[in-house]
Structures are given as C-alpha cells and as structure tokens.
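Each remark here refers to the structure printed beneath this line.
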There are 2 protein chains.
Amino acid sequence: MKRNSRLSLALHTLGHMAGQPDRIRKSADIAAHAGTNPVVVRRVLGSLRQAGLLVSESGHSGGWRLARPPEEITLADVYLALDERLAAPDAEEEPHDCTVAHAFHHRVSTVMAEVEQSLIQKLGKTTIFEIRETATDLS
Amino acid sequence: MKRNSRLSLALHTLGHMAGQPDRIRKSADIAAHAGTNPVVVRRVLGSLRQAGLLVSESGHSGGWRLARPPEEITLADVYLALDERLAAPDAEEEPHDCTVAHAFHHRVSTVMAEVEQSLIQKLGKTTIFEIRETATDLS
DNA sequence: ATTTTCCGCAACTCCAACTGTTACGCAACT
DNA sequence: AGTTGCGTAACAGTTGGAGTTGCGGAAAAT
C-alpha cells in the first residue's frame with residue numbers, strides 16, 4: 001500500500017460488501033484479501049462504523065456488515081467518514097505572519113474550500129452499489 | 001512551518017516581490033523573513049525558476065527577482081511550478097488487484113482529475129499582483 | 001461456567017517523506 | 001585575489017502513517 005491507502009481499503013471492502021450485503025466478514029478475512037493487517041482493517045472500518053456506514057459485532061460469529069443498503073451509501077459518505085481533507089481546516093492563524101502571507105493564505109484557503117465542496121458533491125452522486133455493478137467479477 | 005510549506009513560502013515570497021519587482025533579494029534575507037533556511041528557499045524558488053517565474057543570479061550583487069511582471073503570474077502558475085498534485089498520477093495500476101478495487105480506483109481517479117482541473121482553473125483567475133493589492137502592509 | 005472467537009484499543013516499531021542544516025563548488029562583481 | 005551569493009549533494013531531526021504485538025471485553029458454542 002502507498003498513499004490514499006485508507007480510502008482504498010475502505011472502498012475495496014465496501015465494494016465487496018455491496019455485492020453480498022448479508023454476509024458477515026471478519027477483520028482477518030478482509031485483511032487477507034486486501035493484503036494488510038487485521039488491526040489496520042479495524043482502524044479504517046472503525047471510522048466507517050463511527051460514521052454510521054458499518055456495524056461490527058463481537059463474539060464467536062461476529063464481524064462486519066453494512067449498516068444500511070448499498071444503494072444509500074455514496075462515495076462522499078466514505079470520503080467524509082475518513083477525515084481526509086484537501087485543505088487543512090485552518091487550525092490556527094499564526095498572528096505573527098505578515099499581511100502578505102495572510103492575504104495569500106486566505107485566498108488559497110477559500111479556493112481550496114470551494115474545490116473540496118465540489119469534490120464532495122461529485123462523490124455524492126455515485127453509490128457503492130452502482131460502482132459495484134461496473135465491476136464484472138464474481139467473488 | 002507545517003504543511004503546504006512549499007506553497008506558502010513561494011506565495012509569500014512572490015507576494016513581496018510583486019510589491020517591489022525591481023528589488024533583488026537574497027536567499028538569506030528571504031529565509032530570515034520567512035523564518036526558515038536559505039537552502040530551503042533556494043530549493044523552493046529553484047522550482048519557480050525552472051517554471052520560468054523567477055530569475056536568479058550569482059555573484060556579488062546576485063539574488064532573486066521576478067522573471068516577468070506580477071500581473072502575468074497567477075496562483076495556478078505557482079501551484080503547477082511546485083509539483084503538488086491532489087491525486088497521485090496513477091503511476092502503476094497493480095494488476096493483481098481484484099476488479100472491485102479497479103472499478104473504485106478508476107472512478108475516484110476520474111473525479112479527482114476533474115476536481116484538480118477545476119482547482120487550477122480557479123487559481124488561474126487570480127494574479128499575485130491582485131492579491132498583493134489586497135494586503136495593506138507597507139514593507 | 002468455561003472455552004472459543006471475534007472486536008477494541010493502546011503501545012511500540014518500522015518506514016517514507018519532508019524540513020532543516022552543513023559543506024563544498026561555481027559564478028560574478030569589486 | 002577576495003568577497004558574495006547561488007547550486008547541489010549529503011546528512012540529521014521530525015513527522016505521519018502502516019504494520020505488529022499484546023491484553024481486555026463481548027458474544028456465541030460447548
């Protein structure tokens with residue numbers, strides 16, 4: 001894995017779940033299929049659970065499954081569930097910066113915010129169910 | 001400095017240069033004003049020179065200055081000069097990935113490419129000269 | 001009730017990318 | 001020749017993420 005690995009892992013897993021929504025999957029199985037570690041899977045899917053996209057259960061026949069039908073989960077939901085943002089949310093404006101730096105920073109932040117809204121809107125138009133239909137696999 | 005430091009440093013420097021285009025500035029002075037190191041300044045401004053935005057000269061009265069009038073340098077020029085991209089340019093499609101992963105990856109890459117074009121277009125509408133006018137400093 | 005199986009979470013290591021720093025070579029002006 | 005400043009390579013320090021291990025808790029099977 002390299003970058004955007006969290007998003008890749010999340011989408012990959014949700015894609016398979018969209019194909020068989022009733023099947024309950026274990027972290028270990030998901031990790032094996034994705035070529036990573038069960039703990040990493042729990043971390044990423046934990047964010048999706050926190051956002052209400054997934055449900056996890058402990059115990060003997062526990063595991064992960066979709067919290068709602070795949071037709072109602074968009075790529076934007078996944079993107080927002082993980083906290084990956086294009087622009088840093090301007091944690092602190094350093095007050096000692098000169099006016100020039102402030103002006104540029106403000107302008108760039110504004111543009112980035114607009115672009116991010118555009119991104120979210122675009123991602124919101126596609127559900128994991130639709131994407132899943134694009135793939136012609138049989139697993 | 002934190003993240004987006006290259007872009008911040010570049011814009012900050014160009015902003016001041018837009019105010020006094022004829023003044024030649026040394027790496028050391030720029031670094032002192034930005035709170036960083038001269039070598040870092042040379043690295044970042046070196047990218048801008050490679051893109052044709054700046055000119056640098058060696059020797060006793062050497063330094064950095066704009067390669068063309070600030071009215072003709074847009075934020076998009078600076079963004080493109082540094083190689084910061086929103087989406088990785090799909091270096092290699094790992095062929096062992098399953099079809100589901102491919103479908104998602106392709107979809108997300110398409111959306112990201114669209115959004116990046118939108119970003120570049122937005123940035124291209126503002127010049128460093130205009131932004132400079134917004135700032136009301138006097139240095 | 002005990003065992004098994006799974007998730008939840010914390011702590012640690014490993015690794016890549018970036019910034020900062022030092023050092024040396026080259027170019028240009030005095 | 002000496003001074004000044006850029007160009008670049010090499011290295012240290014820092015940061016963030018992925019991977020790993022270990023332990024505790026919950027739920028089903030026995």
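Labels below follow one simple rule: chain letters A, B, ... track the order of the sequence lines, proteins then strands, and each chain is numbered from 1.
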| request: Would you please indicate if the ring centroids of H106(A) and H102(A) are separated by under 6.0 Å? | output: no
| query | Out of dG22(D), dC6(D), dT19(C), which has the shortest distance to the side chain of S58(B)? | reply | dC6(D)
| note | Which of dA27(C), dG19(D), dC7(C) is nearest the side chain of V40(A)? It is dG19(D)
| message | If I compare all heavy atoms of W64(B) with all of G46(B), which pair ends up nearest, and what's the gap? | response | CH2-N, 3.9 Å
Rounded to whole angstroms, how far apart are [atom1] on [X] and [atom2] on [N]?
X	N	atom1	atom2	result
N37(B)	dC11(D)	CG	P	18 Å
R42(B)	dG25(C)	CZ	C1'	12 Å
R25(B)	dT4(D)	CZ	C1'	19 Å
L9(A)	dA18(D)	CG	C1'	11 Å
H60(A)	dG25(D)	NE2	P	21 Å
L7(B)	dC18(C)	CG	P	14 Å
K26(A)	dA28(D)	NZ	P	16 Å
Q50(A)	dC9(C)	CD	C1'	13 Å

| Heavy atoms from other residues, nucleotides or ligands near CD of E72(A) exceed 12 (cutoff 6.0 Å) | yes
| Pick the nucleotide of DNA chain C nearest each of A28(A) and G59(B); which residue has the one closer to the 5' end? | A28(A)
| request: Would you please test D29(B) and R23(B) for salt bridge (Lys or Arg N to Asp or Glu O under 4.0 Å) and show each step? | output: CA-CA 12 Å; D29(B) 295 341; R23(B) 175 174 163 192; 5.5 Å; no
| Side-chain N or O of S5(B) less than 4.0 angstrom from OP1 or OP2 on dT19(C)? | yes
| query | Do any side-chain nitrogens or oxygens of S56(B) fall under 4.0 Å of OP1 or OP2 in dC6(D)? | reply | no
| query | Reckon G63(A) touches a base, only the sugar-phosphate, or nothing at all at heavy-atom distances under 4.0 Å? | reply | sugar-phosphate
| remark: Paired to dT3(C) by Watson-Crick or G-U wobble criteria (both distances under 3.5 Å) is dA28(D)
| Candidates L14(A), V40(A), L9(A), I30(A) - the one meeting side-chain contact (heavy atoms from CB on, under 4.5 Å) with L45(A) | I30(A)
| query | Less than 3.5 Å between a donor and an acceptor, one on the side chain of R43(A) and one on the base of dG17(D), is that the case here? | reply | no
